[in-house]
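The block underneath contains the structure these notes are about, expressed in structure tokens.
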Amino acid sequence: MQTDNIGTDFEQKPLARVISASLAVLLSHGVAAQEAGGEKAVDLTLEEITVTAQRKVQNLQSVPIAVSAFGEEAMERGNMLDVEDVSAMTPGFSLSNYNPVTPQPYIRGVGTNSSSVGDDASVGVFIDEVYAGRAGGYRADMFDVRRVEVLRGPQGSLYGRNVAGGAINVITNNPTDTFESKIKVTGGNYNLRELRGMVSGPLSDNVNGRLAVSSRERDGWIDNVANGNELADQDNTSVRGKLDFELGANTYLLLSADYAEDDLVGSGARSIVGYEEAFGVEHPTENQHDKVDLFTDGYTDREMGGVSAKLTHGMGDVDLVSITSYRTQDYAFNDDLMGKYLAAADTAMTNDATEESSQITQELRLQSTSADKLEWTTGLYFFNEEVERVESFDSSLIYDLMGVEGLSSRPVWDASNETTSYAVFGETTYHFSPFWSASLGGRYTYDHKDFTSTATGGPDLLGFLSENYDVAADESWNEFTPKATLTYTSDDSDIVYATVSQGYKAGGFNGIAATEQGATVAFDPENATNYELGFKSNLLDQRVRLNGAAFFMDYSDLQSFTVDLGTGEVVTATGDAEIKGIELEATAYVTEALRMGLNYGYTDSEYVSFESDPAIVGNRLARTPEHTASANINYEWMLDGGSAINFNTNAMYQGEVYYSVDNSEAAADEERTLVNANIAWRNFDGLKVAFWGKNLTDEEYVAHAFEQAGMGFAIQGEPRTWGVSVTKEFF
């Protein structure tokens, strides 16, 4: 593993050194203060974090995987509302949005920037163990969530759906066997109104139920100077219900159902960067974070939902687990991609799409439950997904700018894809001694895709569609991806592990190809080989937790959605890449009241081949900042009368990031640091009042961008927001 240059670069960066230096200084001050005051020793042991990253309940510190976990309390104090908020606190994890229904998560440089019908995700999202196939199916308001786990690197030997880059597990709260209820009301700037509620408890002797609802509305913060409208609002309603049945002494059934809808205005509003350089005059909204100049406001409407059934049957030292699910999603969006910014050059374009998708999954697992030397899990998985999508890149406005009436330039792709996938997976761990264990796992995956596309309206003015066509194609792929891990556990339960694992993602078809040939020729599957060395340790009588990993990933045929600026053609190109880096996570009790966490990630990514454009070779991978870091401080004052005040603040740093494979500066974002804070008063009768703020320094940053004619068209990150939340729990 080539890590010499990583260590050198790490030593030269203040953000890297701050983790070890800050912990050392703060802990020494805490100890000195207690000794000077003659205080009685207190228990500063960090609590155990429970995860299910390996499909069983385990202590995070014993799991030989690079995984970050966020519990319900940590998420509430950090005001984490969705996966994007989680990504900011996780080393090596970034997320950007073309619009809310097409999020683009990247872990260690691996992700997918296309939402075409023929694509799959490189980073898998699992909600209560159910894979969410389409990207827009999980980028929603998270509520009543017990825990979120982010697994970095290829996963497959223990997971139903194979993923090459990593996995995000969202675990929601289950029904309880005692009554509990909670209501939370929030108000804030930009006319924020939020209401969340939950009720849980027994319905009969053997049945428990839970119902959670969430409603969130907020006015927009971006002004469209063309018509005075406010854009980038929030309007989400979500509901989730669960029933937990005890069918026998060793048999349990968990039924889940959820539904969510969004109705948004201008969520993909794009501002302009570099206008003056291109035209010699400054545009009134240039470099204005909260102002755009658009022909149309744009919109996003979405409905999604699903049902699932998890049956668990205990058979002595073995559990049989069956997970059956059905999910569906419908959405439509319209985005003004170029606004009025290129009107002087008679250029304008909007992008609109409607999509309907549904999926059925079935997973069967057998797993050992005893604490013998041999532990094992094996399973079968079936996945079927149907997607129908109609999309257009409409440049008809160009005729209006030229004063020509009655003409249209609107290429339309009416495409569909059915994916059928089967897999056999498993992993076994053998404990040679109390100190040494070895794990071997693997997965065989078969994928078949049936693709159709009817393209009309070509050729258009900008070259997105060169010819009309009506095609049908199908292709199959299969792959075996192994995994091997060697783990050493010390007397203090610290671990050191070495892992070699492979990941795979099926090939696919370009749903918005410019030509018939481009639509019928499938692109290659992705393959990744990951080499990782990691450790997890508890120091100073479990007062300090320090975890780390170094990795090297050899990636072939990484799929990238690119636009040929010369021809206008949309191409799903593949390239080979090498990715290496380090990740560190530290948590410590500084004093009885003060707790601190520091995370750091370094990712060195590089394209080593790119057949369609050799000039890309040597570039950094898109959406992959070289440095990421975050810090969290939590302080709690215990008050007389049975109440407490808790103060929590976190800062999240991200280095420069490129949003295109050609590393265009126009489609990039400079380094940024976002600061959030939360101060809450609570009593032991279940009442809590919290004042919170996000992006307190009002940092201006770019959340997504593309480049055209030397200018950047950017979706801006959210400004400073603040509010007050009142929560009441009933027991």
Checklist entry - What residues, two or more places apart in sequence or in another chain, satisfy side-chain contact (heavy atoms from CB on, under 4.5 Å) together with N384? => result F382, E386, E418, T420
Would you tabulate the side-chain donor-acceptor contacts of residues 248-257 under 3.5 Å, counting partners in other chains and residues two or more places apart, or write 'none'?
residue, atom, partner, partner atom, Å
T251, OG1, H313, ND1, 2.7
Y252, OH, A249, O, 3.4

Item to check | Set of side-chain contact (heavy atoms from CB on, under 4.5 Å) partners for S368, sequence neighbours left out | outcome: E375, W376
Checklist entry - Within a strict 4.5 Å, meaning less than it, do heavy atoms of the W681 and N683 side chains meet? => result yes
Checklist entry - Any side-chain heavy atom of S630 sitting closer than 4.5 Å to one from N632? => result no
Checklist entry - If you count the non-hydrogen atoms of other residues, nucleotides and ligands that lie under 6.0 Å from CD in E48, is the total more than 12? => result yes
Next on the checklist: If the condition is ring-ring contact (aromatic ring centres under 6.0 Å, His included), which residues does Y635 pass it with, not counting sequence neighbours?
Outcome noted: W637
Checklist entry - Hey, is the main chain of G153 close enough, under 3.5 Å, to the side chain of Q155 for a donor-acceptor pair? => result yes
Next on the checklist: We want to know whether T429 and S439 form a side-chain donor-acceptor pair, criterion being a heavy-atom distance below 3.5 angstrom.
Outcome noted: yes
Item to check | Any donor-acceptor pair under 3.5 Å from R240 side chain to F143 backbone | outcome: yes
Item to check | Lys/Arg N to Asp/Glu carboxylate O, D262 vs R302, below 4.0 Å | outcome: yes
Checklist outcome for this item: Contacts of E303 meeting side-chain contact (heavy atoms from CB on, under 4.5 Å) (sequence neighbours excluded), chain-then-number -> Y259, E261
Checklist entry - When rounded to the nearest 0.5 angstrom, what distance separates CG in D233 from CG in L264? => result 5.5 Å
Pair up each side-chain donor or acceptor in residues 723-731 with any protein partner under 3.5 Å, not counting sequence neighbours, and list the distances.
residue, atom, partner, partner atom, Å
S725, OG, T186, OG1, 2.7
S725, OG, W692, NE1, 3.2
K728, NZ, D685, O, 2.7

Next on the checklist: Can you tell whether the side chains of R77 and E636 come within less than 4.0 Å, N to carboxylate O?
Outcome noted: yes
Checklist entry - N676: what forms a side-chain contact (heavy atoms from CB on, under 4.5 Å) with it, not counting sequence neighbours? => result N650, M652, K694
Checklist entry - Who are the ring-ring contact (aromatic ring centres under 6.0 Å, His included) partners of Y131, not counting sequence neighbours? => result F126, F383
Next on the checklist: Is the shortest side-chain heavy-atom distance between V318 and T369 below 4.5 Å?
Outcome noted: no
Next on the checklist: Just so I know, are the side chains of S68 and R152 near enough to count as touching, which here means a heavy-atom distance under 4.5 Å?
Outcome noted: yes
Item to check | S215 versus E194, side-chain donor and acceptor atoms under 3.5 Å | outcome: no
Checklist entry - Checking D450 side chain against T419 main chain: does a donor-acceptor pair fall under 3.5 Å? => result no
Checklist entry - Strictly by modelled atom types, are S94 and S87 linked by a side-chain donor-acceptor pair under 3.5 Å? => result no
Item to check | For R595, all residues meeting side chain to side chain donor-acceptor pair (under 3.5 Å), sequence neighbours excluded | outcome: E47
Checklist entry - Mind checking what makes salt bridge (Lys or Arg N to Asp or Glu O under 4.0 Å) contact with R193, not counting sequence neighbours? => result E217, D219
Checklist entry - Are T354 and F333 close enough that some pair of their side-chain heavy atoms sits under 4.5 Å apart? => result no
Checklist entry - So, E718 and R218, do they make that salt bridge, N to O below 4.0 Å? => result yes
Checklist entry - Does D85 offer a backbone N or O that forms a donor-acceptor pair with the side chain of D82 under 3.5 Å? => result yes
Contacts under 3.5 angstrom, residues 166-176 side chains, donor-acceptor by atom type, not counting sequence neighbours:
residue, atom, partner, partner atom, Å
N169, ND2, E149, OE1, 3.3
N169, ND2, Y159, OH, 2.8
T172, OG1, D128, OD1, 3.2
T172, OG1, D128, OD2, 2.6
T172, OG1, K242, NZ, 2.7
N173, ND2, E72, OE2, 3.4
N173, ND2, D144, O, 3.3
N173, ND2, D144, OD1, 3.0
N174, OD1, K242, NZ, 2.8
T176, OG1, T178, O, 2.7
T176, OG1, S200, OG, 2.9

Next on the checklist: Quick check for you: to the nearest 0.5 Å, what is the distance between L60 atom CG and S62 atom OG?
Outcome noted: 8.0 Å
Next on the checklist: Pairing donors with acceptors under 3.5 angstrom, does anything connect the side chains of E363 and Y381?
Outcome noted: no
Checklist entry - Given side chains that start at C-beta, do those of E355 and V387 come closer than 4.5 Å, heavy atoms only? => result yes
Checklist entry - Can you pull the salt bridge (Lys or Arg N to Asp or Glu O under 4.0 Å) pairs that have at least one residue in residues 244-256, sequence neighbours excluded? => result none
Checklist outcome for this item: CG (N634) and OG1 (T587) are apart, to the nearest 0.5 Å, by 11.5 Å
Next on the checklist: Tell me whether Y446 at atom OH has more than 12 heavy atoms from other residues, nucleotides or ligands lying less than 6.0 Å away.
Outcome noted: yes
Item to check | Working for side chain to side chain contact (heavy atoms under 4.5 Å, CB included), residues L311 and L247 | outcome: CA-CA 10 Å; L311 180 67; L247 302 180; 4.2 Å; yes
Next on the checklist: In the structure I gave you, are the side-chain heavy atoms of V86 and V150 within less than 4.5 Å of one another anywhere?
Outcome noted: yes
